[in-house]
Each structure stands twice: as C-alpha cells, then as structure tokens.
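Down below is the structure, laid out as structure tokens.
Residue numbers start at 1 and run along the sequence shown. Order of listing sets the numbers, starting from 1, for every ligand and every atom in it.
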Amino acid sequence: MKSRVRDVCLLSVLCASVVSASALDREAFTFTNYDLNVRIEPDQQRLGVRGKITLRNDTPTPQKIAVLQVSSSLDWRSIKAGGQPVQFVSRIYTSDIDHTGALSEAIITLPQAVAPQGTVELEIAYEGVVLLDATRLTRIGTPEAAANSADWDQISAKFTAVRGVGYVAWYPIATDAADLAEVDGLFDVLGRWKSREAGSKMEVSFDSPTVVGDAAAPVTLCGGTDLHAVPPEASAKVVQSKCSYRPLGLSVPAFVAANYGVVDRPSITVYNLPEHAVAAEGYAEAAEKASGLITDWFGALRTKSVTADLIDPSAAPFESGALLLIPLTQDVKLFGLVAAHQLMHAAFESPRPWIEEGLAHFAQALFLERQRGRQSALDYMGLHRSSFAEDEKRTTTPRPEDDVNRSLVNTTDEQLYRSKAMYVWWMLRDMLGDPALKKAFAAYHAEQDQEPAYMPRLIQAQTKRDLEWFFDDWVYRDRGLPDFKVDSAFSRTTMNNAHLLTITVENLGAAGAEVPLTVRFAGGEIGQRLEVRAKSKTVIRVETPAAPFEIVINDGSVPESDLTNNTFKIEPERN
Ligand SMILES: [Zn+2]
C-alpha cells in the first residue's frame with residue numbers, strides 16, 4: 001500500500017504538497033562530494049550535466065527525503081540511487097540564491113532512510129540553458145544595466161562565464177529560500193551553505209565543442225586548485241578541462257569558455273578576449289612588478305596565477321580559487337592593485353578566510369603604500385571601512401551568540417573576513433613592525449593550522465608584548481569597533497619653556513586598540529601611539545616646543561564607529 005501511494009505521488013502534482021513546505025528540511029544534508037561532467041553547448045547557450053554526488057545526513061534523525069536544487073532554467077532528467085531510478089517530484093522554488101530568482105527543485109524519496117551521519121550516493125542528470133538573467137535584482141528595483149553587470153553569468157556563442165552558488169546553481173545545492181528584499185536574507189542562507197560545504201570536495205570536467213564559425217574550440221578555464229587549461233588545438237573539435245576543489249573552502253566554483261588569447265609571464269597567465277591583447281600585456285606586466293613586494297611579505301609564489309577576461313566592461317570582478325575573472329577594460333592604473341591581491345593568494349595559503357582574504361586585501365594596502373605613500377593606503381582601507389562599520393552598528397543590541405558567530409575566526413560574512421580582517425592585519429603591523437609580522441607569516445603552514453589560535457600564537461611568538469586582549473577583541477570575538485575621544489587635555493609650560501601636555505584618551509567602544517595620536521603646535525606636530533583598551537582611559541604626556549592647539553586621534557589606521565569626535569581643541573594656557 002505504502003509503495004502505491006508513492007507511485008501515485010510521482011504522477012500527481014497535488015502530492016507535492018504532502019512532502020513540501022513545513023515538513024521539508026532542505027538543509028538536512030551536506031553535499032560532501034561532487035564528481036561532475038559538464039558539457040557546454042555555447043551555440044545553444046546550454047549545458048548538460050551528468051555525474052555523482054554524495055549526501056551526508058547532518059541531522060540527529062534519519063532522513064528519507066532529500067532535496068536537490070539547480071537553477072530554474074535547468075531541468076532534472078534523472079536521479080538514481082544504487083543504479084535504480086528514485087522517485088522525485090520536480091518543481092520551481094522561489095529563491096534569490098540563483099540569478100533567475102528561482103530554483104528547479106527535485107524532492108526525492110530515498111529508497112531507505114539515511115541514518116544520522118550516514119551517506120547516500122546519487123547519480124544525477126540535468127540540463128538546460130544559462131542565459132543572461134538579472135531577475136532577482138530587477139524585481140527589487142535595481143536598474144537593468146547595473147543588475148546585468150552584477151549578474152553577468154551566461155553561456156553564449158561569443159562568451160561563456162558562469163559562477164556557482166549565490167549566482168547560478170549550475171551544480172546541485174540544497175538551501176532554504178533566500179530573499180534579497182530582506183536584510184541579510186541571501187547572505188545568511190549563502191553563509192550557512194558555504195560553511196556546511198567548506199570541507200566538501202568537487203571534481204568537474206568540462207567539455208566545450210567548437211562554436212560554429214570558429215577555427216578552434218574555446219579555451220575553458222575553471223577555478224579549482226589544480227587549475228589547468230587545455231590549449232585548443234586546431235584539430236580538436238572538443239576540448240576538456242578538469243578542475244578540482246579539495247576542499248571547497250569558501251570558494252565558489254566557476255568556469256569560463258571563450259576564444260581567448262594568452263599572455264604568459266613567470267608569475268601569471270592572462271587570458272584575454274582578442275580585442276584586449278594590449279590590456280592583457282599591461283596586466284601581466286603589473287603583476288610581474290607587484291610580485292617583488294608580495295614575495296617579500298608572503299614568501300615565494302607557490303602557484304602561477306591565472307586571470308581571465310570578462311566581456312562586459314562593467315562586470316564585477318570575481319575570484320574562484322586560483323582564477324581571477326575581471327574585465328581587462330578596467331582602468332590600467334588599477335591593475336597593480338588587483339594583481340597584488342591575486343599574487344598574494346598564489347604565495348600564501350590558509351583555510352581560514354580572515355587570513356586568506358584578509359591578507360590579500362592587506363597586500364593591496366601595502367601595494368598602495370609602496371606606490372603612493374601611507375595616506376593612500378589608509379584612504380583605500382577607508383573605502384572598505386564603511387562597508388562593515390554599518391554592519392557593526394547593527395549589533396548595538398547584539399544577541400549573545402553574535403559575539404562568537406561574527407568573530408573573524410567564525411564569520412562567513414565577506415565584509416568582515418575581507419575588510420575588517422585587512423584592518424586587523426594593518427593594526428598588527430603598526431603595533432609589531434614589518435619584520436616581526438613577516439617572520440610570523442614565514443612560520444605559518446596551512447596544513448598545521450588546526451585551530452583558530454594557531455596564527456595568533458605565531459604572531460605572539462614574535463613579540464614580548466601581550467596581544468591576548470587584541471586577539472580577543474578583534475579575532476576570537478566580535479566586540480564591534482572602538483570609539484576614541486579626548487576626555488581631557490591640560491598643558492603647562494615647563495622650566496625650559498617647553499610645553500607639557502597631559503592627555504586622557506577614552507575608548508567608548510568594546511574593542512581595544514593601539515591608536516596613533518597627533519599633537520599640533522605652532523610650526524609643527526608630534527605623533528605618539530597609545531594603547532587604549534575597551535571601555536577605558538589611557539593618559540599620556542607629550543612635550544611640544546611651542547604651545548599646542550589641537551589633538552587628533554587616529555589617522556584612519558584603526559577602524560572606529562564614530563570619527564566625528566576625534567579632534568580636540570586645546571584651550572590656550574593661562575599663566
Ligand atoms: Zn581574494
């Protein structure tokens with residue numbers, strides 16, 4: 001009887017509701033392994049995928065239903081377990097995790113319930129088109145041009161570039177609905193998926209046939225760790241590229257296929273569209289120039305970086321593993337800045353985003369400092385500050401768990417593990433000096449990074465100064481940002497006619513920091529650095545040769561929640 005009900009269910013759309021909505025736990029399974037073959041048909045703007053995936057039940061209860069989701073422009077063809085077709089209901093599920101604003105969802109009844117921590121291997125097939133589609137953005141009011149430059153993914157005869165989860169679900173995922181209209185709606189869902197998948201593995205092979213009218217098959221690139229492009233031979237009608245992510249980490253698998261030209265240099269390979277050959281030379285040259293700074297800070301390049309051109313000149317750049325996708329029409333002056341980030345990834349590897357990405361952004365600030373001075377680096381960091389300072393403000397009424405969940409060691413929030421982490425590295429550098437920090441980096445080995453305290457310990461080993469409070473406030477926990485102000489300042493003339501200024505600096509925030517302070521006097525200024533712990537005050541004395549008139553705290557190197565209270569006018573001395 002039971003099996004008959006299931007058979008009927010397969011045919012009846014009404015039955016879909018039996019297993020849908022509230023009863024479904026879409027996030028019960030982690031997809032621990034992908035082994036996929038993707039056939040790209042640029043002329044038809046299609047792809048067809050065949051392969052195997054392994055699902056692990058990460059809930060405490062046995063699971064009989066599994067959910068697989070791909071982009072709504074793709075259709076499920078078959079799903080098998082143990083060589084036998086499984087019963088599934090396919091339907092459209094609204095979610096902004098895909099550029100189309102919806103997913104093609106297969107709700108599968110497994111042959112046997114999967115025990116907690118048990119796994120099931122599924123053989124899958126799906127296919128369909130991947131067209132330029134920014135529905136999820138235009139329906140919340142994003143102007144079309146901007147929406148298309150953000151959601152630029154598509155397969156077409158001229159150019160193919162497709163990013164994975166969060167853009168196009170070209171491989172199966174399983175998530176609750178994400179809504180861009182809600183604050184953090186997409187981010188939370190995406191963050192949960194990525195952290196569940198961080199330890200998973202993916203192997204993909206791509207077949208791309210020659211486009212009608214073209215002399216050779218397109219160059220296909222994907223962003224796995226063993227990135228290797230197969231150079232097109234004039235004779236080959238189909239080329240195959242392979243790509244593996246072991247593990248996925250937080251990276252998003254992506255692929256491109258186009259009639260690329262190649263510029264090859266010792267540290268980098270640049271793939272360019274035919275019309276951007278000059279820009280590709282420029283990018284390669286900028287990368288070669290930046291490589292000295294990068295190897296000086298982070299050691300020798302372990303892998304060769306790969307950059308590939310995007311056809312839309314205003315497309316947002318994207319990184320996937322060792323592959324950087326960027327329109328080479330971008331401002332040539334920015335090439336060095338971009339390359340510094342990319343090369344840092346080639347020199348230094350960490351499974352922890354706040355280290356891997358935070359340091360890549362830190363490398364960009366170092367690059368600007370070397371090129372145009374410290375202020376230029378601080379201005380660049382300032383552009384990043386606004387992105388997470390707003391985020392941090394929202395936690396003025398924090399939930400107790402935010403402190404730990406949003407910490408740099410745990411967060412999946414890009415603003416935090418990129419921008420805030422960059423500041424943390426810069427502050428450490430200002431506190432310890434370049435040689436100490438470089439030594440800590442040299443001592444770091446990704447395979448030994450088994451616990452969050454590994455990197456902080458390597459840094460602590462380079463200094464006698466206690467840094468525990470700093471790591472607590474900035475790395476292990478999210479205490480928000482400091483907020484410095486001059487509480488009081490008194491000046492008096494000394495016997496030898498100098499001026500002694502006693503300054504009390506207060507930190508109203510819950511994160512401590514070492515902050516630079518400048519005292520201005522007629523004819524000059526004097527700089528000092530002082531450590532002001534969270535919710536406390538520090539007193540320093542500064543001697544100036546002429547009467548001081550102003551104190552400025554923070555040159556922009558410490559991210560603060562309020563920068564409007566950082567200048568203090570000193571009352572003229574009364575004799
Ligand atoms: Zn990066």
Exercise for the section: Using the test ring-ring contact (aromatic ring centres under 6.0 Å, His included), find all partners of Phe29 that sit at least two apart in sequence or belong to another chain. Expected result: none
Practice task
Work out which heavy atom in Pro482 is nearest to a heavy atom in Ala511; give both atom names and the distance.
Solution key: CB-O, 3.1 Å
Practice task
Would you please name every residue forming a ring-ring contact (aromatic ring centres under 6.0 Å, His included) with Trp193, sequence neighbours left out?
Solution key: Phe31
Practice task
Flag the pair Phe206 / Trp170 as yes when their ring centroid distance falls below 6.0 Å, and as no otherwise.
Solution key: yes
Handout entry: Protein N/O/S count near the Zn ion (ligand 1) (criterion: distance under 2.8 Å)
Key = 6
Problem - Contacts of type side chain to side chain contact (heavy atoms under 4.5 Å, CB included), residue Arg372, not counting sequence neighbours - result: Leu368, Ser376
Practice task
Taking atom CD of Glu144 as the centre, report whether more than 12 heavy atoms of other residues, nucleotides or ligands fall under 6.0 Å from it.
Solution key: no
